Amino acid sequence: MKLQIIIGSTRPQRVSHLLAPWAANEAKNLEDTEVEIVDLLDYDLPFLDEPISPQYNLNENLTQLPKSF
């Protein structure tokens, strides 16, 4: 089995990059399992580089966005 552990946060205060190696080491104990860690920070995703989650960002442009849908 191939297993990818995806570090999905690219924010400066993320902690998932600390947990992924632990999860990978645990998964390596599974028989016939190949584990790979994929860090989205390694890819150019500028739309995910906000310092805080858009959910908590009171930026007016973001609050207006859902109205346009």
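Predicted model only: the values in this text are computed from it and were never measured. What's counted below: heavy atoms across the whole structure, side chains too, no hydrogens, waters or symmetry copies.
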**Student:** Minimum heavy-atom separation for L41 and R14, please, with both atom names.
**Tutor:**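 Nearest heavy atoms, L41 then R14: CD2-NH2, 3.4 Å.
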**Student:** A23: which residues meet the side chain to side chain contact (heavy atoms under 4.5 Å, CB included) condition with it, sequence neighbours left out?
**Tutor:**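 Partners of A23 by the side chain to side chain contact (heavy atoms under 4.5 Å, CB included) criterion, ordered by chain and then number, come out as I5.
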**Student:** In chain order, what residues pass the side-chain hydrogen bond (donor to acceptor under 3.5 Å, both in side chains) check against E34, with sequence neighbours excluded?
**Tutor:**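 Partners of E34 under the side-chain hydrogen bond (donor to acceptor under 3.5 Å, both in side chains) test: none.
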**Student:** Before you tell me yes or no, could you show the steps for K2 and D32 under salt bridge (Lys or Arg N to Asp or Glu O under 4.0 Å), namely the whole-Å CA-CA distance, both residues' side-chain angles and the distance that decides it to 0.1 Å?
**Tutor:** CA-CA 9 Å; K2 292 185 178 183; D32 297 322; over 6 Å; no
**Student:** Would you check if I37 and I7 make a side-chain contact, meaning some heavy-atom pair closer than 4.5 Å?
**Tutor:**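 The answer is yes; the side chains approach within 4.5 Å.
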**Student:** Report the residues that fulfil side-chain hydrogen bond (donor to acceptor under 3.5 Å, both in side chains) with E31, sequence neighbours left out, ordered by chain and then residue number.
**Tutor:**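 Per chain and number, E31 pairs via side-chain hydrogen bond (donor to acceptor under 3.5 Å, both in side chains) with no residue.
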**Student:** What is the distance from atom OG of S16 to atom CG of D39, rounded to the nearest 0.5 Å?
**Tutor:**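 Result: 7.0 Å between the selected atoms.
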